[in-house]
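Okay, structure first, notes after.
In what follows, chains are A, B, ... by sequence order, proteins preceding strands, each numbered from 1. The basis for the numbers below is simple: all heavy atoms, side chains too, and nothing from hydrogens, waters or symmetry mates.
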Amino acid sequence: MTTHIDGHRVSIQLTEVEAYGGNSDPASHASGSRTSRNAPMWGPPGTLYVYLSYGIHWCANIVVGRENEPGAVLIRGGVVTEGRGTVERRRGRPVHLADGPGKIGQALGLNGSDSGTTVWDGPLALRGPFGSVESWYSTVRIGISKAIDVPWRFVVEDSSALPSSTLP
DNA sequence: CAGGTGATTACG
DNA sequence: GTAATCACCTGC
């Protein structure tokens, strides 16, 4: 995925994501009522949902599934493949692998003003290569206190399984 | 390991 | 109104 924000282009190859559902998923921000914060989760697939976590971290999700049936994928980790200088300036430290949703949000330069935009006309774009499904495995989601047994965290085995042309 | 930080929610 | 809860990161 790639962002073009403040005149800077940053790309990451995804290595870790988590899925969140709608009303039937107690851990989801869409488990309760629709509010101004979580409204993008009801949007069409490809909508971006960005929220502020712990008052500090902007975390990014891509909405999936049908419109009005909330569901989203939280971006948890990725390898920086383009714009590493920009990422290191934003993060204030050397960065190769950004692991953790707050770090990813900061690396990509996202904030609340990007919530509700879409991958076809917003600052964040999706593009391949997407790798093979065999290189991913699933575990339980982390950092949550409800539905902790649902195995909807997906991780790439190891970054050497990524297409070598995408690695730095 | 603990603390920062602020929106959102649950309760009256 | 107030209090508790967070899909987290950093530095000790």
Side-chain angles (χ1 to χ4, degrees), chain A residues 1 3 5-6 8 10-80 83-119 122-124 126 136-157 159:
Chain A
M1 68 200 324
T3 53
I5 291 175
D6 290 337
H8 296 285
V10 169
S11 301
I12 63 168
Q13 173 85 18
L14 294 178
T15 56
E16 181 183 356
V17 299
E18 273 177 0
Y20 288 88
N23 190 52
S24 60
D25 180 2
S28 171
H29 286 181
S31 64
S33 57
R34 176 171 168 163
T35 67
S36 57
R37 176 176 76 149
N38 63 16
M41 287 192 71
W42 275 259
T47 302
L48 199 58
Y49 166 47
V50 183
Y51 71 95
L52 184 63
S53 176
Y54 291 87
I56 304 173
H57 311 288
W58 293 108
C59 300
N61 299 255
I62 308 290
V63 172
V64 296
R66 294 176 197 279
E67 188 165 6
N68 293 318
E69 295 177 14
V73 173
L74 172 69
I75 309 306
R76 288 199 62 95
V79 176
V80 178
R84 196 157 141 195
T86 300
V87 171
E88 297 190 340
R89 186 159 34 74
R90 286 174 177 161
R91 299 257 314 120
R93 64 193 61 235
V95 171
H96 169 248
L97 178 72
D99 57 329
K103 298 178 189 177
I104 287 284
Q106 188 181 15
L108 292 175
L110 295 167
N111 64 50
S113 68
D114 304 307
S115 196
T117 63
T118 66
V119 297
L124 187 149
L126 290 175
W136 292 80
Y137 67 100
S138 86
T139 73
V140 294
R141 298 176 293 187
I142 59 183
I144 57 172
S145 56
K146 299 169 192 162
I148 58 177
D149 54 326
V150 178
W152 284 357
R153 173 172 176 254
F154 300 91
V155 190
V156 172
E157 291 277 348
S159 54

Q.
Rounding to an integer number of Å, can you tell me how far A:Leu108 CG sits from C:dC8 P?
A. 16 Å

Q.
Measure CD/A:Glu18 against P/C:dC6 and give the value in whole Å, please.
A. 15 Å

(Q) What I want to find out is whether A:Glu18 reaches A:Arg76 closely enough, with some N-O distance under 4.0 Å, to be called a salt bridge. (A) yes

Q.
Once you apply a heavy-atom cut-off of 4.0 Å, does A:Arg76 come out as touching a base, just sugar-phosphate, or nothing?
A. sugar-phosphate

Q) Whole Å only: how far is the CD1 atom of A:Ile148 from the P atom of C:dT5? A) 16 Å

Q. Looking at side-chain heavy atoms only, is the closest gap between A:Leu108 and A:Ile5 below 4.5 Å?
A. no

Q. What closest approach, in Å, do A:Thr117 and A:Asp114 show between heavy atoms, and which atom pair accounts for it?
A. OG1-O, 2.8 Å

Q: Could you pick out which residue, A:Ile144 or A:Arg93, lies toward the 5' side of DNA chain C when each is mapped onto its nearest nucleotide?
A: A:Ile144

Q | Over all atoms of both residues, closest heavy-atom pair of A:Leu74 and A:Pro101 | A | CD1-CB, 4.0 Å

Q) Between C:dC9 atom C1' and A:Ile142 atom CD1, what is the distance in whole Å? A) 13 Å

Enumerate all atom pairs, one protein N or O and one N or O from nucleotides 3-12 of chain B, separated by less than 3.5 Å.
{"residue": "B:dT5", "atom": "O2", "partner": "A:Tyr54", "partner atom": "O", "Å": "2.5"}

Q: Can you see which heavy atom on A:Trp42 is nearest to which on A:Glu67, and at what distance?
A: O-CG, 3.6 Å

Q | Touch class at under 4.0 angstrom, heavy-atom based, for A:Arg91 against every strand present | A | sugar-phosphate

Q: Report the distance from atom CD1 of A:Ile75 to atom C1' of C:dA7, rounded to the nearest whole Å.
A: 12 Å

Q: With the side chain counted from C-beta on, respond yes when A:Asp6 and A:Thr86 share a heavy-atom pair under 4.5 Å apart, and no when they do not.
A: no

